[in-house]
2 protein chains.
Amino acid sequence: MMLAMKYTMADIAKETGVAKSTVSRYFNGGYVKDETRKRIKEVVDRVGYEPSEAARNLKSKRTKLIGVVAPTLKSTVTGRQMTEIDNFLKKKGYSTLILNTDHDPSREIEAIEHLSSLRADGIILIATNISEAHQRLQKISRIPILALGQQFRGGTSVIYDDYEAGFEVGEYAKEMGHEDILYIGVSEYDEAVGIKRKKGVLDGLGLPKGATKVNMLETAFSYEDARKVIRSSLKKHVPTLIICATDQMALAALKEATDMGLSVPDDVSIIGFGGYEMSELVNPSITSVRFENEKAGEVAAATLLSMIEEEPVASLQVIGHSLREGGSVKRI
Amino acid sequence: MMLAMKYTMADIAKETGVAKSTVSRYFNGGYVKDETRKRIKEVVDRVGYEPSEAARNLKSKRTKLIGVVAPTLKSTVTGRQMTEIDNFLKKKGYSTLILNTDHDPSREIEAIEHLSSLRADGIILIATNISEAHQRLQKISRIPILALGQQFRGGTSVIYDDYEAGFEVGEYAKEMGHEDILYIGVSEYDEAVGIKRKKGVLDGLGLPKGATKVNMLETAFSYEDARKVIRSSLKKHVPTLIICATDQMALAALKEATDMGLSVPDDVSIIGFGGYEMSELVNPSITSVRFENEKAGEVAAATLLSMIEEEPVASLQVIGHSLREGGSVKRI
DNA sequence: TTATAATGGGGTACCGGTACCATGTCAATC
DNA sequence: GATTGACATGGTACCGGTACCCCATTATAA
């Protein structure tokens, strides 16, 4: 007997002395006599044979493959979302193909094209921005695409209510008596976080239009960048409250403030968005909006499967959040 | 013209008025007249056709798919590793199929079997434990498997020198004058972290055999569990130094200590392993061993590709690390 | 001028499965 | 005794590509 080699159904059939179709029936259910079944099983076990999904897919047209296009594999939020997506899909017999784009929009398009040539059954796009390129792709591609975290106009999306979350934070800040505020956001390229969340905060603060007393800053999604931006700003002026568009930034702010000898929240308060585990673990723990990322992942996966089954789905689903008070905000 | 549907090479051929083989040549290189090429391109672009990888693979036997079996998608270390693996593989024209097991060994086996039926070209196993089941699978499966982070006896692995890293930490602790030490480790089920790292620390401390002055504790990989364990231990006795097998635990230790009113490092010092960004961001930043996870990911991917090409590879490759001093350790 | 490439393109047997049809038992029903 | 249908199995045309072989032209070399 030769060493482990690629066996095909025909090999198994020949070995067992039956026809290919009988072996196929053995694997897929159908009339096979107990005795024949036993004989096939014996051969299959002995050589360690498994039918090729690829060949099977060729006929059935379904790959049972779902692509997840993610901007990073290193963030708490994507991690939560991907874990639930994967869990849910696995339960339904699908495999998850995760493509990382490292925040590069062009790699996003590439990823979708790639998934399309792989004949993935569906795609979940954890995007930071939905461009016309996405819109076009979605129209051409016969494979269902669902956007998670950003609204996909003309498509299907599962999003968070960033405006509302921002609004609540703004209201909360006002209620706690803060008036000298520094807001640290991200590029407006990211519609959900960069635009809606920010607008929510400003509206929640109830500022008279035009006359903003809020200092606005912008930074990238990395700690390093955030720290640099925050440090130079704090050197010029220390507000009573820093609102950060993500917990990542909030943690950076906490670090910089403490390093400068400022006490949080006595000298300066901090609020973040994201509800990272880490935000609870620092001192003081950071007041932050926790989005239900796990539920979002599951809803996204479930919805995509419905789309694949060509069942009707809502084009927009909004997932909840809640403000979690830590010890990083002082009432003034 | 009908709406976006599945087009096949034969459709394109018919539309263009050439033979299937010519269209195939168009995609794969070969003699095609410029004018014919143009006509094909026109049709392909118009209907948005892309050749099916699945069908292509059936003949070529290569799926260009690499499976990565990961214990979690939420950890800094796995994130770093996966990102580099994915980057490297993408450059080489491979896709990365990430399967999450949520630390469940049985799902690991399932994942490998699944990848095998998908005819993945290779598998990277980020395991916490290599069991006989893995060994057996690897022997039966004709597809190359590489273990990352744990030594795969009888197979190929890329690992960190956990013993040496532990040893350095032990030596460092001794040099800083610490004698009353609490070590918080993980289950010995995890050979690299649970056994080697721990043994390294103990040996580095140079304790007389048998007579251990080190208090040993064990916890799971989660914050919650770590905090509980640490809290109850600190209530009984506060050592001068807590050595934590992962930064996750170190962060939990820092939190618990500060919450109890202890000052780090004045009342108690803390050392961790992992070199998380977060460990630098807390106050005080945590002294920790930084493993070169990125390099490990790249080496793992490169090695796996070599294995696929049937080139000779080292059965064991060890990736470096370095101790990064933060402010969490006081000299006594 | 003729042999020989190089170029351009058609035809078809696979790849490893599935689906569907055909054939043959054997026992229950008419 | 003939009909029927559940059971069991064989045979084969696909699925959507690639590979290889064959046949024309046209260009280049001998």
Side-chain angles (χ1 to χ4, degrees), chain A residues 4-41 43-44 47-65 93 114-121 142-143, chain B residues 4-41 43-44 47-65 93 114-121 142-143:
Chain A
M5 271 273 302
K6 48 5 174 348
Y7 279 94
T8 81
M9 206 166 250
D11 295 330
I12 305 296
K14 198 162 53 171
E15 271 285 302
T16 318
V18 297
K20 251 173 61 173
S21 30
T22 305
V23 180
S24 176
R25 252 175 262 125
Y26 166 83
F27 280 105
N28 301 292
Y31 297 128
V32 181
K33 209 195 300 175
D34 269 0
E35 193 247 316
T36 313
R37 187 179 300 280
K38 250 184 66 186
R39 269 166 51 220
I40 297 179
K41 180 169 170 31
V43 176
V44 166
V47 306
Y49 167 78
E50 265 176 311
S52 150
E53 281 297 329
R56 180 172 277 168
N57 295 159
L58 195 53
K59 194 78 180 167
S60 69
K61 253 57 178 294
R62 301 206 141 197
T63 56
K64 289 282 183 176
L65 222 55
H114 185 195
L115 287 170
S116 164
S117 77
L118 244 36
R119 300 288 188 271
D121 288 343
R142 69 240 118 246
I143 124 175
Chain B
M5 270 276 299
K6 50 6 179 336
Y7 279 93
T8 80
M9 205 165 249
D11 295 330
I12 305 298
K14 198 163 52 172
E15 271 285 303
T16 318
V18 297
K20 250 171 65 174
S21 31
T22 306
V23 181
S24 175
R25 250 175 262 124
Y26 166 83
F27 280 106
N28 301 291
Y31 297 129
V32 181
K33 210 196 297 175
D34 268 1
E35 192 246 318
T36 313
R37 186 180 302 282
K38 249 185 66 185
R39 270 166 48 220
I40 296 180
K41 180 168 171 29
V43 176
V44 166
V47 305
Y49 167 78
E50 266 176 310
S52 150
E53 281 296 331
R56 180 173 277 167
N57 295 158
L58 196 52
K59 195 76 180 165
S60 69
K61 253 56 179 296
R62 299 205 143 200
T63 55
K64 289 280 185 180
L65 220 56
H114 186 194
L115 288 169
S116 163
S117 78
L118 244 37
R119 300 288 188 269
D121 289 342
R142 66 242 120 244
I143 124 176

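Letters A, B, ... are given to chains in the order of the sequence lines, protein chains preceding strands, and every chain is numbered from 1. Since we're looking at a predicted model, the values are computed, not measured.
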For this session: Rounded off to whole Å, could you give me the NZ-to-P distance for the Lys14(A) and dG10(D) pair?
Result: 15 Å
Which pairs would a plain distance check flag for residues 14-27 of chain A, meaning a side-chain donor or acceptor within less than 3.5 Å of a matching protein atom at least two apart in sequence or in another chain?
from: Glu15(A); atom 1: OE1; to: Arg46(A); atom 2: NH2; distance (Å): 2.9
from: Thr16(A); atom 1: OG1; to: Ile12(A); atom 2: O; distance (Å): 2.6
from: Ser24(A); atom 1: OG; to: Asn28(A); atom 2: ND2; distance (Å): 3.3

Distances for protein N/O vs nucleotides 3-6 of chain D N/O pairs under 3.5 angstrom?
none

For this session: Check each residue of residues 50-60 of chain A for a non-hydrogen atom within less than 4.0 Å of any atom in DNA chain D, then write out the ones that pass by number, or none.
Result: Leu58(A), Lys59(A)
Problem set entry | Distance (rounded to the nearest 0.5 Å) between Lys41(B) NZ and Arg37(B) CZ | 11.0 Å
For this session: Look at Arg119(A) and dG17(D) and indicate whether a side-chain polar atom (N or O) is within less than 4.0 Å of OP1 or OP2.
Result: yes
For this session: For the helix from dT1(C)-dA30(D) to dC30(C)-dG1(D), measure the angle between the helix axis at one end and the axis at the other, each built from five pairs, rounding to 10°.
Result: 40°
For this session: Round to the nearest Å and state the distance from Arg62(A) atom CZ to dT18(C) atom C1'.
Result: 15 Å
Problem set entry | Ile40(A) CD1 - dT9(D) P separation (whole Å) | 8 Å
Exercise. Measuring from Ile40(A):CD1 to Lys33(A):NZ, what's the distance to the nearest 0.5 Å?
Worked result: 11.5 Å
For this session: Can you sort out which residues in residues 18-30 of chain A have a heavy atom within less than 4.0 Å of DNA chain D? Ascending by number, please.
Result: Val18(A), Ala19(A), Ser21(A), Thr22(A), Arg25(A)
For this session: Give a yes/no on whether any side-chain N or O of Tyr49(A) is located under 4.0 angstrom from OP1 or OP2 of dG17(C).
Result: yes
Exercise. Within the pair Thr8(B) and dC15(D), is there a side-chain N or O less than 4.0 Å away from OP1 or OP2?
Worked result: no
Can you list, pair by pair, the side-chain donor-acceptor contacts under 3.5 Å of residues 52-63 of chain A, counting residues two or more places apart and other chains?
from: Ser52(A); atom 1: OG; to: Ala54(A); atom 2: N; distance (Å): 3.2
from: Ser52(A); atom 1: OG; to: Ala55(A); atom 2: N; distance (Å): 3.1
from: Glu53(A); atom 1: OE2; to: Arg56(A); atom 2: NH1; distance (Å): 3.4
from: Asn57(A); atom 1: ND2; to: Glu53(A); atom 2: O; distance (Å): 3.2
from: Asn57(A); atom 1: ND2; to: Arg62(A); atom 2: O; distance (Å): 2.7
from: Ser60(A); atom 1: OG; to: Arg56(A); atom 2: O; distance (Å): 3.3
from: Ser60(A); atom 1: OG; to: Arg62(A); atom 2: N; distance (Å): 3.4
from: Thr63(A); atom 1: OG1; to: Leu65(A); atom 2: N; distance (Å): 3.4
from: Thr63(A); atom 1: OG1; to: Arg119(A); atom 2: O; distance (Å): 2.8
from: Thr63(A); atom 1: OG1; to: Asp121(A); atom 2: OD1; distance (Å): 3.3

Problem set entry | Under-4.0 Å side-chain N/O to phosphate OP1/OP2 contact, Lys33(B) with dT25(D) | no
Problem set entry | Rounded distance (Å) that lies between atom P of dG16(D) and atom CG of Leu118(A) | 16 Å
Exercise. For Glu35(A) and dA8(D), what is the distance between atoms CD and C1' respectively, to the nearest whole Å?
Worked result: 12 Å
Seminar exercise, completed: Rounded to whole Å, CG of Asp11(B) lies from C1' of dG17(D) at a distance of 12 Å
Problem set entry | Heavy-atom pair with the smallest gap, counting every atom of Lys64(A) and Gly93(A) | CD-O, 3.6 Å
